[in-house]
Amino acid sequence: MEDSSNSNSRGFLNTSGISDRNTEFSPLERVTPRSKPLSVFGSSAHKSSEEDSLGIGDPFVRSLEWGDVSLRQWLDKRERCVDVFECLHVFRQIVEIVNVAHSQGIVVHNVRPSCFVMSSFNHVSFIESASCSDSGSADSLEDGPVSHKKREDAGSYNKILERQVEKLEEEKKQPFPMKHVLAMETSWYTSPEEEFGSTSTCASDVYRLGVLLFELFCPVPSREDKSRTMSSLRHRVLPPQILLKCPKEASFCLWLLHPEPSCRPSMSDLLQSEFMTEPRDNLEEREAAIELRDKIEEQESLLEFLLMIQQRKQESAYRLRDTVSLLSSDIEQVAKRQLVLKQKGSSYSDLGFPEEPSTLLASRKRFRQVIPPEETDDDESQGRSTFLESSRLMRNFKKLETIYFLTRRRQLKAAASGKSLTRHSPLSSENGRGSEKSSVSNSAAPKDLSQNDSRQGGWIDPFLEGLCKYLSFSKLRVKADLKQGDLLNSSNLVCSLAFDRDGEFFATAGVNKKIKIFECDSIVNNNRDIHYPVVELASRSKLSSVCWNSYIKSQIASSNFEGVVQIWDVGRSQLVTEMKEHKKRVWSIDISSADPTLLASGSDDGTVKLWSINQGASIGTIKTKANVCCVQFPSDSGRSLAFGSADHKVYYYDLRNPKIPLSTMIGHSKTVSYVKFVDSSTLVSSSTDNTLKLWDLSMSASGVNETPLHSFAGHTNLKNFVGLSVSDGYIATGSETNEVFVYHKAFPMPVMSYMFSNTDSTSGLEVDDASQFISSICWRVQSSTLVAANSNGNIKILEMVA
């Protein structure tokens, strides 16, 4: 409902260009789709006083938010070039707006760029707000229904709008600050008669149209030039460039800027002038061409988008086709092997061998490959169901799938380069120190398979071995709790655990400055309140590491926080040798299995020292730039050594050339705390970056290896030494969540875990201590048993079970 008494001047009018002249609606009735119809000269749609005061819903403000710009901004763009047709198109729309007002007997007064906004296709919309009304609103020739409310709101609204416009100007880096231009614009667009105090008339609006036409065709690069040019325009002095480049437009501009109001053309004269009518057809054709070009570009964008989707889907289809082909080939290979094994099984049955126990048969069927339904019997269907319903397998199905394809890609790449993965595969059955033979031996492969089949199916045995071992065990159970009852020591942190060569005894060492030797079977078989060590060796300093000699059963080595390496005779409970060449704490020691007289130690002084146990002195030194946290010999050689450093790297040296590493493994983001050989060519490292990484030493041809075979994640290790041990492809590590985690070298996710309870090692009572963590761990050789200790001194013997 319209109310002239409550009307304000925040209306606007939008024309859509010359092509709208012949429509059945007048320009006053045309509106943009962004707002309700508003009349600029009569009344406007009713708004609340709050909206009026804040300017909510104002078309100018909305247009700025929606990406439209004011005509003032458009005129002052630094990169704007004069396009005759474009400028005439804009000017014509403004002339039509003013003509409508004059036809209603209203003087617009605010024919200034800041009172118009530009939208798409250069459509011009008129807004009459306080921002462009310093001296009042449009004056009627008669006493028309013009609202005076806007004068009251002018101050607050003007401040709001100027802040918004000024912010936009700063973002767009315009050369003309809007606040300054708005202040100058009123002076530029004031007609000579108004300067002398006369009333604004329709001729005054014509004068303002002349100023606007000049700005359209004469862009000025700087604020100073703009001020001078507009000042000269007051005296009808035009710049030479507009006179030379646009003589027709300059002449028409001077006509509109005549100092005598009576000599200026009326709106009807202006619209009927040759200047306004001549380029109409060209403008319409130009606008139509622009619209057509934009539509073509839109279609091209859509076409390009669809073609891109098609290309990506085709690439996915090609990859999927190759994947299905690879799977079909592998299924065929496995089915052939299975058929040969069945035939061998039938021949053994004919010889009268007893049937296998049902439990063993079920266990083997659990991992049997799926074959076509017509070739399966009920027992095989049951085995397949067990395989598919294995919760652990299905829970990690995507990861297992990823490892399968990773294994196949490596095998295919190696085959293409003429190499073999049998020896260096992370899934191979070659074992590390003290480990038992694989449960799935390569020798079990049928000998009558063709050589080609063996080459193509070379991935099967190692992958099947890894899968079987991953699914063979599901949890760790406690075989025994070691209860020491050491009441004299409040600090019971165990820093190192180690089994002797036969797995009969294990040693503990830590901050209590004692090496304690326990008999493993005695602890497991005898449920006693307190377990006493069979031997106890006292040291002067806190102990960091212990290691048994694999050749001399009673010999054990230790290192301490003072940098001393000691050799002990356990049988006689005596210290044999002390080696004191390190200048700082020694973190790790290792005795070579291949050469039991050779010992290596790594220290905070940045050196690795090689010692002769017989001589009791160092025979070589490797210097590094960072603390050395761990050292390890491979089980089959005393000529090479690996160690981890605080510089986040793993180094592998040929001891015959100790000046430069044979390989440097880069991948960890924090200190490398442990390294262990899984087999002669595979190494696992542990770091305080929460990961273990598996490295293939044969992939370090250039001396640097930045691509681990796997990154094992699941445990938590950010600041403490939590232990690392390897046996038969199983990798055990501790966690700062007071848990033991077991991985298999074939897969990056944990096989199982066990959480220690937070109990006091002396009293056995539960304690609320979330800071406890696993501090050391060690496998018992040739078994599925390990011993683990935590930071509170609790020691448990754990066993993997199905």
Side-chain angles (χ1 to χ4, degrees), residues 480-501 503-523 526 528-549 552-580 582 585-591 599 601 603 613 720-723 725 734 756 759-764 772-778 780 786-797:
D481 273 307
L482 193 154
K483 303 168 185 176
Q484 299 187 62
D486 193 350
L487 302 177
L488 301 178
N489 281 290
S490 58
S491 298
N492 291 307
L493 173 66
V494 177
C495 298
S496 183
L497 293 166
F499 273 97
D500 71 348
R501 68 179 186 186
E504 182 181 359
F505 298 97
F506 68 88
T508 70
V511 297
N512 61 5
K513 305 179 184 181
K514 295 178 182 178
I515 301 172
K516 297 181 180 181
I517 313 297
F518 295 91
E519 185 179 5
C520 186
D521 289 339
S522 174
I523 295 172
N526 299 322
R528 298 175 180 174
D529 293 335
I530 297 177
H531 296 100
Y532 292 97
V534 294
V535 176
E536 186 171 290
L537 307 171
S539 174
R540 297 187 305 272
S541 177
K542 297 177 181 178
L543 297 164
S544 57
S545 179
V546 290
C547 178
W548 290 86
N549 192 311
I552 304 173
K553 183 176 175 64
S554 63
Q555 191 175 84
I556 190 170
S558 68
S559 62
N560 63 32
F561 282 32
E562 293 180 353
V564 179
V565 177
Q566 298 171 313
I567 307 297
W568 305 82
D569 186 331
V570 174
R572 293 186 297 169
S573 301
Q574 289 182 353
L575 177 64
V576 177
T577 306
E578 277 193 336
M579 295 172 281
K580 303 179 178 180
H582 281 293
R585 170 173 44 191
V586 175
W587 278 115
S588 174
I589 56 173
D590 190 39
I591 300 175
L599 182 146
S601 59
S603 168
I613 295 177
N720 296 301
F721 282 44
V722 294
S725 186
F756 273 44
T759 57
D760 182 78
S761 59
T762 303
S763 65
Q772 292 186 24
F773 60 92
I774 302 300
S775 58
S776 186
I777 198 164
C778 184
R780 187 180 190 183
L786 62 86
V787 59
N790 76 350
S791 56
N792 205 37
N794 294 316
I795 300 175
K796 294 181 184 291
I797 300 175

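Source: prediction; values computed, not measured.
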Going by atom type alone, with no hydrogens or angles, which donor-acceptor pairs under 3.5 Å involve a side-chain atom of residues 556-565 and a protein atom two or more places apart or on another chain?
residue : atom : partner : partner atom : Å
Ser558  : OG   : Gln566  : OE1          : 3.4
Ser558  : OG   : Trp568  : NE1          : 2.9
Ser559  : OG   : Ser544  : OG           : 2.9
Asn560  : OD1  : Glu562  : N            : 2.9
Asn560  : OD1  : Gly563  : N            : 3.2
Asn560  : OD1  : Val564  : N            : 3.0

- Query: In a check of side chain to side chain contact (heavy atoms under 4.5 Å, CB included) between Cys495 and each of Val511, Asn512, Leu543, Val546, which one passes?
  - Reply: Val511
- How many angstroms lie between atom CG of Leu537 and atom CD1 of Ile517, to the nearest 0.5 angstrom? 6.0 Å
- How about Ile613 and Ile552: do any of their side-chain heavy atoms sit closer than 4.5 Å? no
- Task: Please test Asp500 against Val570 for side-chain contact (heavy atoms from CB on, under 4.5 Å), starting from the C-alpha separation and ending with a verdict.
- Result: CA-CA 11 Å; Asp500 71 348; Val570 174; over 6 Å; no
- Flag, side chain of Thr508 to backbone of Leu497, donor-acceptor distance under 3.5 Å: no
- Report the residues that fulfil side-chain hydrogen bond (donor to acceptor under 3.5 Å, both in side chains) with Ser775, sequence neighbours left out, ordered by chain and then residue number. none
- Compare every heavy atom of Ile795 with every heavy atom of Ala789, then report the nearest pair and how far apart it is. CB-CG1, 3.7 Å
- Query: Who pairs with Arg501 by side-chain hydrogen bond (donor to acceptor under 3.5 Å, both in side chains), at least two apart in sequence or on another chain?
  - Reply: none
- Message: Is the distance between the ring centroids of Trp587 and Phe721 under 6.0 Å?
- Response: yes
- Hey, what do you get for CG (Leu575) to CZ (Arg540), rounding to the nearest 0.5 Å? 7.5 Å
- Note on the structure: Residues at least two apart in sequence or cross-chain that pass ring-ring contact (aromatic ring centres under 6.0 Å, His included) with Phe499, listed by chain then number, are Phe506
- Message: On a heavy-atom basis, which atom in Cys778 and which in Ala498 lie closest, and how many Å separate them?
- Response: SG-CA, 3.9 Å
- Query: Shortest non-hydrogen contact from Ser554 to Gly571?
  - Reply: CB-N, 3.9 Å
- Task: Sequence neighbours left out, what passes side-chain hydrogen bond (donor to acceptor under 3.5 Å, both in side chains) with Ser522? Give chain and number order.
- Result: Asn526
- Query: Can you tell me how far OG of Ser541 sits from NZ of Lys513, rounded to the nearest 0.5 angstrom?
  - Reply: 6.5 Å
- Minimum heavy-atom distance between His582 and Ser601, given as atom pair plus value: NE2-OG, 2.7 Å
- Message: Within the supplied structure, the quantity of interest is the number of heavy atoms (other residues, nucleotides, ligands) at a distance under 6.0 Å from Lys542 NZ; does it exceed 12?
- Response: no
- Task: Output every pair passing salt bridge (Lys or Arg N to Asp or Glu O under 4.0 Å) with a member in residues 564-576, not counting sequence neighbours, ordered by first then second residue.
- Result: Asp569-Arg572
- Item | Approximate separation, where rounding is to 0.5 Å, of Lys796 NZ and Leu786 CG | 12.5 Å
- Closest heavy-atom pair, His531 versus Phe518, reported as atoms and distance to 0.1 Å, is O-CE2, 3.8 Å
- Item | Test item: Asn792 side-chain N/O and Asn794 main-chain N/O as donor-acceptor pair under 3.5 Å | no
- Message: Tell me the closest heavy-atom pair linking Lys516 and Pro533, and the distance in Å.
- Response: CB-CB, 4.0 Å
- With the side chain counted from C-beta on, respond yes when Ile567 and Gln555 share a heavy-atom pair under 4.5 Å apart, and no when they do not. yes
- Query: Is the shortest heavy-atom distance from the side chain of Ile797 to the side chain of Cys520 under 4.5 Å?
  - Reply: yes
- Query: When rounded to the nearest 0.5 angstrom, what is the spacing between SG in Cys547 and CD1 in Ile591?
  - Reply: 4.5 Å
